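This report concerns only the one structure given below.
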Amino acid sequence: MANGNPDTADHTAVYVPGTDAGLGNFAHDIKRMTNLWVAADSTADGKSVSTITWLGYDAPQGAKRAAFSEYADHGASDLNRFVDGIHASRATDSPGHLTVAGHSYGSTLIGTAARQGDLHADDVILTGSPGVRVGRATDLDVPKGHVWNEEAQGDWIPEAGRVAHGHKEYHWDSGLDSVIPSDDRFGAHQMRTDTDGHSGYWDEDSESLKNQARVVVGEYSRVKKETW
């Protein structure tokens, strides 16, 4: 479901929802992308914007199923094909600027898509990520410095999902551990959030939403970052 026209938009964002996403509650995810579309359009300096809510995979239903990687494994190639299709269907000479954004398990799918194939995006936004199954931002098929992460206060999913979906690494001083996008060594830009919990990243007029919008329209210098 698209807001705006992705065939002609100067800036397009594809959103991948996470656990429990489905047709029965799809309006909830569409609302998130409508909020992002409005926020991005207001800061796009006259450029056109489109946001797409993509439900092209079988999302895990329930926390127990979300611990398994098979849903991301099965959906990764579908996401890559969809992103390639956006490029192929462009109705203008300009390639446009494309962001792929994932929430929760949707971020795990994005990482898996990059690991399995080529994710032809300009920027990646991760929100409430439990891990993307790669260990560094540079593994996500976008230019260096173009991976952006948000972890809000009170969002317990990133730590809870670390064991299941974080990238496993062995370090001589700490042994085996798992890396998620909120870790410094992952190398993502940590964007400032002012929302609470796992589902508030798209609250209207929030800094969490505005920061995502700035990335979508390429206004990187205006993104507010965390100072942990």
Side-chain angles (χ1 to χ4, degrees), residues 13 15-21 28-29 32 36 57 59-73 75-76 79 99-115 119 121 123-140 142 145-171 174-203 206-212 215 223-228:
Y15 167 68
V16 184
T19 302
D20 292 333
H28 178 66
D29 291 304
R32 291 175 172 177
L36 182 58
Y57 82 112
Q61 302 298 304
K64 290 184 178 179
R65 292 184 179 181
F68 295 96
S69 61
E70 62 190 75
Y71 302 94
D73 289 331
L79 177 59
T99 301
V100 178
H103 176 231
S104 194
Y105 196 93
S107 72
T108 306
L109 175 56
I110 289 173
T112 305
R115 191 175 73 166
L119 182 67
D123 286 280
V124 164
I125 297 174
L126 310 169
T127 50
S129 176
V132 293
R133 304 180 68 202
V134 297
R136 300 295 181 270
T138 50
D139 295 328
L140 290 177
V142 295
H146 286 261
V147 176
W148 310 81
N149 185 67
E150 289 187 343
E151 181 181 331
Q153 183 176 359
D155 187 351
W156 57 272
I157 292 296
E159 284 301 324
R162 180 187 291 273
V163 173
H165 301 303
H167 183 262
K168 306 299 186 293
E169 295 183 357
Y170 183 83
H171 298 271
S174 59
L176 184 67
D177 64 4
S178 301
V179 179
I180 62 174
S182 297
D183 296 334
D184 286 342
R185 60 183 147 153
F186 184 81
H189 294 291
Q190 303 297 330
M191 297 193 290
R192 187 181 304 167
T193 61
D194 60 349
T195 50
D196 185 71
H198 191 55
S199 301
Y201 296 100
W202 303 271
D203 288 355
S206 67
E207 194 70 25
S208 303
L209 178 66
K210 291 176 181 177
N211 275 329
Q212 293 181 59
V215 173
V223 174
K224 304 296 192 301
K225 298 179 183 177
E226 291 286 5
T227 55
W228 296 338

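Because the structure is predicted, anything quoted here is derived from the model rather than measured.
Under the side chain to side chain donor-acceptor pair (under 3.5 Å) criterion, Lys225 pairs with His189, sequence neighbours left out. Taking Ala113 as the reference, Ala76, Leu79, Asn80 meet the side-chain contact (heavy atoms from CB on, under 4.5 Å) condition, with sequence neighbours excluded. Listed by chain and number, the residues in a ring pair (Phe, Tyr, Trp, His ring centres under 6.0 Å) with Tyr15 are Trp202 (sequence neighbours excluded). By the side chain to side chain donor-acceptor pair (under 3.5 Å) test, Thr112 pairs with Arg133, sequence neighbours left out. Here Asp203 pairs with nothing under the side chain to side chain donor-acceptor pair (under 3.5 Å) rule; sequence neighbours left out. Scored by the ring pair (Phe, Tyr, Trp, His ring centres under 6.0 Å) test, His167 finds no partners at all (sequence neighbours excluded). For Ser208, the side chain to side chain donor-acceptor pair (under 3.5 Å) test picks out Asp194, Thr195, with sequence neighbours left out. Asp29 is linked by a salt bridge (Lys or Arg N to Asp or Glu O under 4.0 Å) to Arg32, counting only residues two or more places apart in sequence or in another chain. Here Asp177 pairs with Glu169, His171, Ser174, Arg185 under the side-chain contact (heavy atoms from CB on, under 4.5 Å) rule; sequence neighbours left out. Residues passing the side-chain contact (heavy atoms from CB on, under 4.5 Å) test with Asp20, sequence neighbours excluded: Gln61.
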Side-chain donor-acceptor contacts of residues 153-166 below 3.5 Å, not counting sequence neighbours, with atom names and distances?
| unit_1 | atom_1 | unit_2 | atom_2 | d |
| --- | --- | --- | --- | --- |
| Asp155 | OD1 | Ile157 | N | 3.1 |
| Asp155 | OD1 | His198 | ND1 | 2.8 |
| Asp155 | OD2 | His198 | ND1 | 3.0 |
| Asp155 | OD2 | Tyr201 | OH | 2.5 |
| Glu159 | OE1 | Arg162 | NE | 3.1 |
| Glu159 | OE2 | Arg162 | NH2 | 2.7 |
| Arg162 | NH1 | Ser178 | O | 2.6 |
| Arg162 | NH1 | Asp183 | OD2 | 2.8 |
| Arg162 | NH2 | Asp183 | OD1 | 3.1 |
| His165 | NE2 | Ala66 | O | 2.7 |

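Of all heavy-atom pairs between Ala59 and Gly18, the closest is CB-O, 3.5 Å. Between Ser129 and Leu126, the shortest heavy-atom contact is CB-CB, 4.3 Å. Nearest heavy atom pair, residue Ala137 against residue Ala188, reads CB-N, 4.1 Å. Scanning both residues, Leu140 and Leu119, for their nearest heavy atoms gives O-CD2, 4.2 Å.
Looking at heavy atoms from C-beta onward, Asn149 lies in side-chain contact with Ser182 at the 4.5 angstrom threshold. Under the 4.5 Å side-chain criterion, counting only non-hydrogen atoms from C-beta, Tyr57 is in contact with Val16. The shortest side-chain heavy-atom distance between Pro181 and Val132 falls under the 4.5 Å cut-off. In this structure, the side chains of Trp148 and Val142 stay at 4.5 Å or more apart for every pair of heavy atoms. Considering only heavy atoms from C-beta on, Thr193 comes within 4.5 Å of Glu226 through its side chain.
Residue pairs that meet the salt bridge (Lys or Arg N to Asp or Glu O under 4.0 Å) test with at least one member in residues 106-115, sequence neighbours left out, do not exist here.
Arg65 CZ: 12 or fewer foreign heavy atoms inside a 6.0 Å radius.
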